A.B. asks: 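Before I ask anything, here is the structure I am working with.
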2 protein chains.
Amino acid sequence: MEQYQNPLFTIDNVLFTVAQAELKVLLVKRAIEPFIDQWSLPGGFVDPLLDASVEACARRKLQEKTGVAPSYLEQLKVFSGHQRDPRGFAVTLAFYALMGEQAAQSHIDTVHDAQWLPVHQLQDYPLAFDHQTIIAEAVARLKQKALYSLVPVYCLPAQFTVTELMTVIEAIIERPIQRKSLMRRIEASDMFIAVDEKVSTGKRPAQLYQLKPDADIYLFERNLAE
Amino acid sequence: MEQYQNPLFTIDNVLFTVAQAELKVLLVKRAIEPFIDQWSLPGGFVDPLLDASVEACARRKLQEKTGVAPSYLEQLKVFSGHQRDPRGFAVTLAFYALMGEQAAQSHIDTVHDAQWLPVHQLQDYPLAFDHQTIIAEAVARLKQKALYSLVPVYCLPAQFTVTELMTVIEAIIERPIQRKSLMRRIEASDMFIAVDEKVSTGKRPAQLYQLKPDADIYLFERNLAE
DNA sequence: CTTTTTAAGTGTCCTAATGACATTTATTTT
DNA sequence: AAAATAAATGTCATTAGGACACTTAAAAAG
């Protein structure tokens with residue numbers, strides 16, 4: 001039963017953030033063949049000596065590229081086939097992850113082989129393997145999640161305003177939402193506490209919120225309307 | 001970069017059906033070590049010569065055990081770690097699948113190493129590997145899907161009545177639902193056509209429905225209430 | 001042949017989360 | 001002090017589902 005050659009098994013990460021009201025994904029320039037010098041998703045081979053699980057491997061790969069752990073990480077799905085890698089039948093487990101932009105900025109600025117690219121400009125770049133497809137599926141999944149949960153908050157720093165969260169959600173789902181609806185959801189989710197501080201970027205100062213230490217991700221029973 | 005030993009990569013299937021108003025899962029008796037003679041999920045190694053993708057592999061494994069293709073098949077998630085297989089670091093991609101019970105019954109009756117077991121009696125059986133965990137996650141995922149889609153219909157034969165679909169859904173989500181709500185969803189989903197025929201199992205004959213040939217799975221914007 | 005029984009299916013009102021949007025509040029700028 | 005504006009709230013409309021009474025179509029009983 002074990003006479004088969006084990007297929008090539010890898011991990012890929014679709015790490016998102018939102019900056020300048022745009023959804024962006026972290027891409028790295030490949031240093032080796034195949035697809036050398038093309039943009040690709042950060043990932044690689046599992047090292048059973050270093051990684052206790054596929055999740056641990058994904059985190060390690062992201063840490064290497066950004067210098068920090070992502071705020072959110074979840075399996076997307078497995079992509080497989082004979083066509084996706086010129087070396088033969090290949091299997092990759094794709095994760096999608098979220099983090100605040102500035103958390104990684106200092107680290108990313110020091111390297112030239114990693115870069116945030118807006119997801120809506122990706123069609124202009126030839127990406128390695130089937131990474132275009134993987135990103136498209138990750139975007140779709142994130143969009144869905146944004147309709148029935150507040151996971152987009154993981155694209156923000158630890159403390160944030162309602163307006164910032166609104167901007168992130170709108171960037172992800174690509175349409176405006178009602179501030180009132182968002183505030184009701186923040187309240188109902190019971191995931192956040194109002195920080196004893198406000199920020200005044202413009203006129204009236206905005207309340208800062210942060211995740212409760214033990215907060216579970218609350219799932220709403222309805223989607224935001226189409 | 002490829003100096004690592006490739007981890008053991010396998011496929012596992014959680015194949016569900018509903019019979020006697022109970023959610024059941026197909027288990028097979030292991031013929032080889034480890035966990036020989038214990039109940040386990042049908043699965044195995046990918047054969048790149050036979051399988052065009054991991055999905056194709058999952059379908060092949062299920063076909064071998066049931067004689068037919070499942071009506072529904074979807075990736076659940078990858079399970080990995082050093083503890084789950086005594087042979088070392090192991091990675092398995094678990095699928096969950098749905099089918100009508102009688103479609104496989106004749107085939108399963110001829111073998112003694114495959115059997116439908118009610119998910120609520122599984123704690124009495126020592127399952128191989130971490131299959132108990134995998135099944136629990138598959139059940140949770142199916143439950144969720146049953147709240148915002150009509151995927152449970154894939155547990156039924158091609159033609160079915162509203163009452164049958166109601167029974168399947170109630171078995172999955174473990175609480176009664178309103179027939180009226182289900183009929184509204186059947187109508188709104190636009191996934192089915194009323195067959196020009198009725199069945200009279202009891203008193204007033206019931207309308208038969210079947211999936212439209214090209215039907216997409218409709219996702220409702222609200223969950224059935226908790 | 002009429003009445004009873006019962007599962008199938010419909011009508012109708014209630015409920016709750018969200019959308020829409022007007023209104024109020026707090027702060028900066030003029 | 002007044003104007004401007006982003007933040008936050010009040011309130012009514014909308015909509016899908018829940019509850020449940022009611023009707024319908026057939027079989028069974030009398």
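Protein chains get the first letters and strands the later ones, always in sequence-line order, with residue 1 at the start of each. Not measured: the values here are computed from a predicted model.
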A.B. asks: For A:R184, report the nucleic acid contact type (base, sugar-phosphate, nothing); a contact means any heavy atom under 4.0 Å.
C.D. replies: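 Result for A:R184 = base.
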A.B. asks: So, B:R175 and B:E170, do they make that salt bridge, N to O below 4.0 Å?
C.D. replies: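 Not counted as a salt bridge, because no side-chain N and carboxylate O are separated by less than 4.0 Å.
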A.B. asks: When you get a sec, tell me which of C:dG19, D:dA8, D:dT15 is the closest nucleotide to the side chain of A:R222?
C.D. replies: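 Ranking C:dG19, D:dA8, D:dT15 by closest atom to the A:R222 side chain puts D:dT15 first.
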A.B. asks: What is the distance, to the nearest angstrom, from the CD atom on A:E164 to the P atom on D:dA8?
C.D. replies: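 My rounded result for the distance is 11 Å.
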A.B. asks: Charged N to carboxylate O under 4.0 angstrom, A:R141 versus A:E137?
C.D. replies: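 Looking at A:E137 together with A:R141, the answer is no, because their closest N to O distance does not fall below 4.0 Å.
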A.B. asks: Taking the basic N atoms (NZ, or NE/NH1/NH2) and the acidic carboxylate oxygens, is any pair closer than 4.0 Å for B:K24 and B:E101?
C.D. replies: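 B:E101 and B:K24: not salt-bridged.
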A.B. asks: Measure CD/B:Q178 against C1'/C:dG11 and give the value in whole Å, please.
C.D. replies: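 In whole Å, C:dG11 C1' and B:Q178 CD are 14 Å from each other.
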A.B. asks: Taking NZ from A:K203 and C1' from C:dT28, how many angstroms apart are they, rounded to a whole number?
C.D. replies: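 Answer to the nearest Å: 5 Å.
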A.B. asks: Using a 4.0 Å heavy-atom cut-off, does A:T161 contact any base of the nucleic acid, only the sugar-phosphate backbone, or nothing at all?
C.D. replies: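 The residue A:T161 makes no contact with any strand.
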A.B. asks: Are B:K145 and B:Y148 in a cation-pi contact, defined as NZ or CZ under 6.0 Å from the six-membered ring centre and within 45° of the axis?
C.D. replies: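 Ring-cation test returns no.
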A.B. asks: Name the nucleic acid region contacted by B:R179, choosing base, sugar-phosphate or nothing; use a 4.0 angstrom heavy-atom cut-off, strictly under.
C.D. replies: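 Base contact.
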A.B. asks: Which whole-number value in Å describes the distance from B:N223 CG to C:dT15 C1'?
C.D. replies: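 The distance from CG of B:N223 to C1' of C:dT15 comes to 17 Å, rounded to the nearest Å.
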A.B. asks: Rounded to the nearest Å, what distance is computed from the CE atom of residue A:M183 to the C1' atom of nucleotide C:dT25?
C.D. replies: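 About 13 Å, once rounded to whole Å.
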A.B. asks: Heavy atoms from C-beta onward define the side chain here; which of D:dT5, C:dG9, C:dT18 lies closest to that of A:L224?
C.D. replies: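 Selected nucleotide: C:dT18.
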A.B. asks: Would you please confirm or rule out a distance under 4.0 Å between OP1 or OP2 of D:dG18 and any side-chain N or O of B:S181?
C.D. replies: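 Checking B:S181 against D:dG18: at least one side-chain N or O falls below 4.0 Å of OP1 or OP2.
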A.B. asks: Whole angstrom is fine here: how far is it from CD in B:E221 over to P in C:dT18?
C.D. replies: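 Distance, rounded to whole Å: 11 Å.
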A.B. asks: Rounded to whole angstroms, how far apart are CZ on A:R185 and C1' on D:dA8?
C.D. replies: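 In whole Å, D:dA8 C1' and A:R185 CZ are 19 Å from each other.
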A.B. asks: From the list C:dT27, D:dG17, C:dA8, which nucleotide is the closest neighbour of the side chain of B:F220?
C.D. replies: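 Side chain of B:F220 sits closest to D:dG17.
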A.B. asks: Give a yes or no on whether a donor-acceptor pair under 3.5 Å exists between the nucleobase atoms of C:dG11, that is its base, and the side chain of B:K180.
C.D. replies: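 Donor-acceptor pair under 3.5 Å: yes.
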A.B. asks: Salt-bridge test for A:D113 and A:R30: reply yes if a basic N is under 4.0 Å from a carboxylate O, no otherwise.
C.D. replies: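 Salt bridge between A:D113 and A:R30, a charged N being under 4.0 Å from a carboxylate O: no.
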A.B. asks: OP1 or OP2 of C:dA8 versus the side-chain N and O atoms of B:T163: is any pair under 4.0 Å?
C.D. replies: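 For B:T163, the contact criterion (side-chain N or O under 4.0 Å from OP1 or OP2 of C:dA8) is met.
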A.B. asks: Rounded to whole Å, please give me the gap between CZ in A:R204 and P in C:dT24.
C.D. replies: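 In whole Å, C:dT24 P lies 13 Å from A:R204 CZ.
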